[in-house]
Each structure stands twice: as structure tokens, then as C-alpha cells.
Amino acid sequence: MHRPTHAVVLGGGLAGMLAAAALARHVDRVTVVERDVLPTRPEPRRGVPQARHAHLLWSGGARAIEALVPGMEERWLAAGARRIGMPDGIVSLSAQGWLHRWPDLQYLITCSRDLLDRTLRERVLADGRITVRQGVTADGLAGGATRVTGVRLRDPATGEETTVDAALVVDATGRASRAPAWLEQLGLPGVPEEVIDSGLAYASRLFHAPPGSGPAVPLVNVQADHRAPRPGRTATLVPIEGDRWLVTLSGTRGGEPPLDAERFTEFARDAVRHPIVGELLAGAEPAGPVHRSRSTVNRRRSFERLPHWPEGFVVLGDAVATYNPVYGHGMSVAAHGATALRENLARRGLAPGTARAVQRAVARAVDGAWSTATSQDVRYPDAIGPRPPLPLKMLGRYVDRLMATANTRPAAARALYTAFTLSGPMAGLVAPAALVATLRGPRRPAPAEPPFTPEELRVLRLPDPV
């Protein structure tokens, strides 16, 4: 006789909903536990304070989500999100210069985080096997060091405590996860942790796009030069739903963006390496206040390195690793982690060893994004964290050359954008075709000015640099 199986997902954000979608194919019932009361419209909530800042869902993450939740990309676009070709749909100044706008090699989805989360949540919770308990806090794990058998919950309003049994518990509670402490309470050793902190601060503001600009506006990004001995400052303009621009400014220690509205545009125009974002904002109307965040530390918890791992427990998403948001990798890594959960359940079911196999696969999904963020961030002045070993330094210099080469050699461009959008393994950066192209170097210098098209110059009312 079939014994019904139950799984519990802690956290109702993007990672939690993707985990629930992955689990629903392999257990009879999934309960999502969320401490917030989830909004029914696209609006901010306490558990996702970073939602007010720019979010990018790279094509590698979008494809992973599409495989977990079919039709999701179409739903986002119908709700107002944009699909922007990569790199043909962006105007971006890298450390090596303005990027050449090759025909569509990859893509990204842009919209507010609130719309992205609400649309996904609505689709996932339409599955009758998945239910959500809101306004409830997870207080710890039930079971012992060899097997987790459920989770202890508490209702903050009444103080009532209950234990919910589960064949598998997934922690997707984000950067505030208490998983390391919970595991120690069960008798496991401390979880190894690595921190790289560039001291980055973020400031974001919404603007109404100028009348007539329409959907032709590209994503515009002025990056910092991580090689220069000065604070790294960036400015990013992301077109989102509702004919709005979400503009996020950032700066490492000594170069933090301002909080006051008066100096916001001034920073975008004068403090970063090129004034284009500030110039675009001169013709846009503010649609809200300035919001600031300092939750930008790169932090990795290596659960997979514990000498043994309890059956019935998995950690994924930001609970495993968080990154400097400037690289936009968090959501895509969470999607790949949920994919690892689905694939291991399909292959192994809930057999002994599955949880550990999932945790190791989640760690592999983290590797590329972690290397990208930390190898750059540790080079800024006053960054806190261990210096990279010689092999990583050499790899960093190689990637700098590859990025310069990607402006004029398609083989280097394909390798770069496939890896950066998490559409393929980072090993592709040193595949033979990319390696040969990079060793040959760029054919010509990068563009001297932002490479807008004539149509973009017209709708944005920018002067023609020629």
C-alpha cells in the first residue's frame, strides 16, 4: 500500500517556490512555510528587502525555471516584463570599454522583483499538491544528526508551537537562514563559511520613462573598473513594466551612492566612469523615493563539506550563498539549485543518500557565480576577505583579456555570454575556440562612445556622437 509522502519548504520566495515545483513531481504533498503574509499584488514584502533594487534574470536561470514551471516566461512577458537580447539589447561599459552589441547570443528577463515573484507564486500555487502556511515561523528541525524528520513551527501571534512531519525539509529562507545553528543543535559540527565583503552600498529609485521612449530603450549599464585602485562605482538603468525605469547606483567603501534625491542623478552623471545614465535621467520623472541597501556581502556556507549529512534535509538558494547583486546571479543560481533537487529526486527518489547528493549538486551550481563575484570584489580597496590564490589571479587576468577580445571575436563573445548568463559551465571560458580567440586578442579597440542605435538616439533624444 502506498504511503503518502510529504515535503516541507521553508520560505515562500523565488527559491522556495521553485523548490516546491520541483518537489511536487516526486511527493504527494508539499507545504510551503512563510513567515510573511504573501501579497496578492506585485508589491514589496518584509522578507525581500532587496526587491526595491534592480534584478536581472539571466537566460540560464530563465531556462531552468521554464523547465521547472512550463510557460513561466510567457506569463512574465504577458504581465509586462521584457525579454532583452544579450548583448544586442544592452549598452554597457565594462572595465575593458563599451561592449560590442553582437546579435542575440543570450538574453535576460527584466521586471520588478515584485512582479516576478507574484507571477511565479501564482503559477506554482495553482498546483493542488502545493499549499502555503503564511505568518508562521520555523524554529528548528525535528529529528537527529542522521535524519531530519520534520520541522518545528511557531505562530508568532499566539505563541503556539507545532511539529510538522516530513520526508524532506528544504530550507529556502535566504540570507537569514538559521540552518547552521539548527544543524549544530542536532549535533553536527559548524558549517564552514567564507565571506568576501567589498563594502558595497546600493541606492535605487524608480522613474517614469520619458514620453515616447517606448519599448526600444535598452538596458544601460556603467560598470566599475575592478582593476583601478579606487572605489568601484556603477550605474544601471533597467527598463521594467509600466513604462518605468529602475535605476540602481552602487559604490564600494569610500564611494557609496547618496541617499538624498537631489544628489541621486548627480552621482549617476558625475561619480561613475561615464555620465550616460545621469544624462538619461535628466529627461525622466521620478516615480518614488531613493531606497538604500548594504546587504551585499558575498557569503558562502559550504554545507557539502560537513563530514556527514542528515537524510531528509536540503539547503538551497541564498541560504547557501549570496553574492554582490551587481552581477545579477542570485535568482539564476537558485533556479539551478532547484533543478539539481528535481534531477536527483528523479534519479534516486527519497532513497538514503539523496539529500547529500542534492547538497553537493547545489554546491556545484554555486561555484561559477561565486568565482565571478569574489574574484572581482576582493580587488577593490579595503575589501575584506582572503586574497585569491595565484591560479585564480591568473584566471582573472585571462578573463579580463577575454572580455576585451569578446568585443571583436565571436568565439570569445559566445563563451563569455554563455558563462556569464549561467547558460553553460564556466569551463567554457577556456574551451579551445575561446582560448585561441583570447590569445589572439581583440582585432580593434572597443567603441569610444555608448553604442546606441540611431532609433535609440532618436527616442531618447540623445545627440548623435558622429
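Computed from heavy atoms alone, side chains included, the values below leave out hydrogens, waters and symmetry copies. As the structure is a computational prediction, the values presented were derived from the model and not from experiment.
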If every non-hydrogen atom of [X] is compared with every non-hydrogen atom of [Y], which pair is closest and at what distance?
| X | Y | result |
| --- | --- | --- |
| Ala15 | Ala334 | CB-CB, 4.0 Å |
| Ala355 | Pro310 | CB-O, 3.9 Å |
| Val333 | Ala365 | CG1-O, 3.9 Å |
| Ala81 | Ile109 | CB-CG2, 4.1 Å |
| Pro156 | Gly135 | CD-O, 3.2 Å |
| Ala79 | Glu241 | O-CB, 4.4 Å |

Whether the side chain of [X] engages the backbone of [Y] through a donor-acceptor N/O pair (distance < 3.5 Å, no angle test) should be reported.
| X | Y | answer |
| --- | --- | --- |
| Tyr398 | Leu429 | yes |
| Thr322 | Asp318 | no |
| Gln134 | Val33 | no |
| Asp155 | Ala157 | yes |
| Thr110 | Pro239 | yes |
| Arg25 | Leu68 | yes |
| His55 | Leu116 | no |
| Ser293 | Tyr202 | no |
| Arg129 | Ala24 | yes |
| Arg300 | Ala363 | yes |

Can you find a pair of side-chain heavy atoms, one from [X] and one from [Y], that are under 4.5 Å apart?
| X | Y | value |
| --- | --- | --- |
| Arg244 | His208 | yes |
| Leu18 | Leu120 | yes |
| Arg233 | Leu249 | no |
| Trp76 | Leu115 | yes |
| Met86 | Trp58 | yes |
| Thr372 | Met426 | yes |
| Leu105 | Leu416 | no |
| Arg299 | Arg175 | no |

Taking [X] first and then [Y], would you say they form a salt bridge - that is, a charged N and a carboxylate O separated by under 4.0 Å?
| X | Y | result |
| --- | --- | --- |
| Asp114 | Arg118 | no |
| Glu34 | Arg121 | no |
| Arg83 | Asp104 | yes |
| Arg152 | Glu161 | no |

For [X] and [Y], does a side-chain donor sit closer than 3.5 Å to a side-chain acceptor?
| X | Y | value |
| --- | --- | --- |
| Asn298 | Thr374 | no |
| Thr236 | Thr248 | no |
| Thr173 | Arg178 | no |
| Thr252 | Ser198 | no |

Would you give the length of the straight line joining atom [atom1] of [X] to atom [atom2] of [Y], rounded to the nearest 0.5 angstrom?
| X | Y | atom1 | atom2 | value |
| --- | --- | --- | --- | --- |
| Leu200 | Asn324 | CG | CG | 5.0 Å |
| His6 | Leu23 | NE2 | CG | 10.0 Å |
| Leu153 | Arg35 | CG | CZ | 14.0 Å |
| Thr234 | Phe267 | OG1 | CZ | 7.5 Å |
| Cys111 | Leu246 | SG | CG | 10.0 Å |
| Arg205 | Trp245 | CZ | CH2 | 14.0 Å |

Between Ile65 and Glu73, is the side-chain contact (heavy atoms from CB on, under 4.5 Å) condition met? List the steps.
CA-CA 8 Å; Ile65 292 174; Glu73 186 173 318; over 6 Å; no

Salt bridge (Lys or Arg N to Asp or Glu O under 4.0 Å) involving Asp165 - partner list, sequence neighbours excluded
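Asp165 satisfies salt bridge (Lys or Arg N to Asp or Glu O under 4.0 Å) with no residue once adjacent residues are dropped.
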
Whether over 12 other heavy atoms sit under 6.0 Å from [X] [atom1]:
| X | atom1 | value |
| --- | --- | --- |
| Arg133 | CZ | no |
| Asp400 | CG | yes |
| Glu74 | CD | no |

Take Arg113 and His53, measure what side-chain contact (heavy atoms from CB on, under 4.5 Å) needs, and give me the verdict at the end.
CA-CA 8 Å; Arg113 177 64 187 267; His53 306 284; over 6 Å; no

Look at the rings of Phe207 and Phe264 and say which category their plane angle falls in: under 30° parallel, 30 to 60° tilted, over 60° perpendicular.
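Judged by the thresholds at 30° and 60°, the geometry between Phe207 and Phe264 is tilted.
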
Let's go through Ile130 and Val124 carefully: what are the C-alpha distance in whole Å and the side-chain angles of both, what is the deciding distance for side-chain contact (heavy atoms from CB on, under 4.5 Å) to 0.1 Å, and is it a yes or a no?
CA-CA 8 Å; Ile130 302 172; Val124 170; 3.7 Å; yes

For Ala19, enumerate each residue passing the side-chain contact (heavy atoms from CB on, under 4.5 Å) test, keeping only those at least two apart in sequence or located in another chain.
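Once residues adjacent in sequence are excluded, the partners of Ala19 under the side-chain contact (heavy atoms from CB on, under 4.5 Å) criterion are Val9, Val170, Leu316, Leu341.
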
Measuring centre to centre across the rings, with the benzene-like ring taken for any Trp, is His329 within less than 6.0 Å of Phe420?
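Yes, close enough.
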
Could you walk me through whether Val27 and Leu345 satisfy the side-chain contact (heavy atoms from CB on, under 4.5 Å) test, starting with their C-alpha distance in whole Å, then the side-chain angles of each, then the deciding distance to 0.1 Å, before giving a yes or no?
CA-CA 9 Å; Val27 299; Leu345 286 173; 5.9 Å; no

